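Note that the structure is a prediction, hence the values are computed from the model and not measured.
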Amino acid sequence: MIRTRQLAYQYPGGPALRFDDIDVVQGGVLLLRGASGSGKSTWLAQAAGLLTPTAGDITVAGQPLTALGKVASDAWRAKTIGFLPQKLHLSSALTVHANLAMAQWAAGQAQDDARIREALTALGVDELAARKPAQLSGGQAQRVALARAVLLQPKVILADEPTASLDDEAARQAVQLLQATAKRQGATLVIATHDARVAANLDDKIGFQPLFLGRGKL
């Protein structure tokens with residue numbers, strides 16, 4: 001679940017970004033819409049515990065984030081948040097399997113090969129485990145990055161512009177894959193996007209919440 005009240009953030013020397021209150025049930029979908037500079041990345045960073053709000057409160061997966069210090073925030077994020085960035089940041093020097101193993105290491109966990117195989121199999125890319133990112137298609141790389149994001153079975157998945165460079169069919173598949181993966185894990189899904197196709201391609205809008213940042217309508 002995600003709950004915000006009077007949430008705001010101000011960068012030094014910049015205007016305050018103020019966000020409407022939202023309540024998203026665990027396993028629901030939050031769609032952040034808005035043009036570049038409207039605050040989507042800032043909202044995601046606050047939900048991940050990377051930025052502390054200037055004002056207001058945000059609770060994610062039952063944890064009030066303003067109550068966490070840096071060390072506690074890092075530990076909470078590692079076990080609670082799965083992040084799918086717009087730039088996938090797969091290490092070119094490592095195989096697919098090693099990229100996922102590195103995620104376990106970064107979270108302070110022992111390498112679990114069985115769990116890595118399970119995550120890759122669930123996303124249909126288990127046969128790519130020995131390949132390096134340069135040997136993957138764009139769609140394969142996105143599936144691998146999503147497998148990495150859900151490897152530690154997070155309670156919340158944050159996806160930043162997951163359809164930005166995709167054609168209509170690939171965008172439809174990406175949205176449905178994200179939603180199916182979140183549903184399978186019981187995770188809350190947050191998608192930040194300027195792409196109107198995302199809302200149109202959601203399969204199931206139970207628990208769906210839109211949040212538009214900046215001017216305009218969803």
For the student: nearest non-hydrogen atoms of T95 and A129, plus distance: CB-O, 3.5 Å

Flag, side chain of D160 to backbone of Q86, donor-acceptor distance under 3.5 Å: no

Salt bridge (Lys or Arg N to Asp or Glu O under 4.0 Å) between D74 and K70, worked out: CA-CA 6 Å; D74 290 346; K70 184 182 184 312; 3.0 Å; yes

Step-by-step side-chain contact (heavy atoms from CB on, under 4.5 Å) determination, Q153 to Q185: CA-CA 7 Å; Q153 299 180 312; Q185 299 216 165; 4.2 Å; yes

Validation row: L202, F208 side chains within 4.5 angstrom (heavy atoms): yes

Shared hydrophobic cluster for V29 and L177 (ILVMFWY, side-chain gaps under 4.5 Å): yes

Note, V96 side chain near V125 side chain (heavy atom, < 4.5 Å): no

L68 reachable from I81 in the ILVMFWY side-chain graph, under 4.5 Å edges: yes

Exam field: side chain Q135 to backbone K132, donor-acceptor pair closer than 3.5 Å: yes

Verdict with reasoning, L50 to L44, per side-chain contact (heavy atoms from CB on, under 4.5 Å): CA-CA 9 Å; L50 293 168; L44 287 179; over 6 Å; no

Short N-O contact, D113 and R117, less than 4.0 angstrom: no

Verify same cluster id: L88, L123 (apolar side-chain graph, 4.5 Å): yes

Side-chain heavy-atom pair V60, L65 within 4.5 angstrom cut-off: yes

Gap separating the CG atom of L151 from the CG atom of L120, nearest 0.5 angstrom: 8.0 Å

Which atom of A103 lies closest to which atom of L152, heavy atoms considered: O-CD1, 4.3 Å

K79/Q109 under side-chain contact (heavy atoms from CB on, under 4.5 Å): CA gap, chis, key distance, verdict: CA-CA 10 Å; K79 69 180 182 180; Q109 296 187 7; 5.8 Å; no

Donor-acceptor pair, side chain of R77 and main chain of A48, under 3.5 angstrom: yes

Q10 CD: over 12 foreign heavy atoms closer than 6.0 Å: yes

ILVMFWY cluster, W43 and W76 together (side-chain gap under 4.5 Å): yes

E161 backbone acceptor or donor facing T193 side chain under 3.5 Å: no

Side-chain donor/acceptor of Q142 to backbone N/O of P162, under 3.5 Å: yes

Between CD on residue Q140 and CG on residue L128, distance to nearest 0.5 Å: 4.5 Å

Nearest non-hydrogen partners of N99 and S91, listed with the distance: OD1-N, 2.8 Å

Side-chain (D21) to main-chain (Q6) donor-acceptor, under 3.5 angstrom: yes

Nearest-0.5 Å distance that lies between atom CG in L7 and atom OG1 in T54: 9.0 Å

Side-chain donor or acceptor of Q26 paired with backbone N/O of K155 under 3.5 Å: yes

Whether K40 side chain and L213 backbone form a donor-acceptor pair below 3.5 Å: no

Spacing of CG belonging to L100 relative to CD belonging to Q111, to within rounding of 0.5 Å: 10.0 Å

Side-chain ion pair, R5 and D23, N-O less than 4.0 Å: yes

Within-4.5 Å side-chain heavy-atom neighbours: R131 and V144: no

Q209 side chain vs I22 backbone, donor-acceptor pair below 3.5 Å: no

Joint hydrophobic cluster, L51 plus I58, side-chain heavy atoms closer than 4.5 Å: yes

Chi angles and distances behind the side-chain contact (heavy atoms from CB on, under 4.5 Å) call for T163, V175: CA-CA 8 Å; T163 62; V175 171; 3.8 Å; yes

Heavy-atom neighbours of R18 CZ exceed 12 at 6.0 Å: no

Minimum heavy-atom distance between P85 and K87, given as atom pair plus value: CG-O, 3.1 Å

Side chain S73, main chain G49, donor-acceptor under 3.5 Å: yes

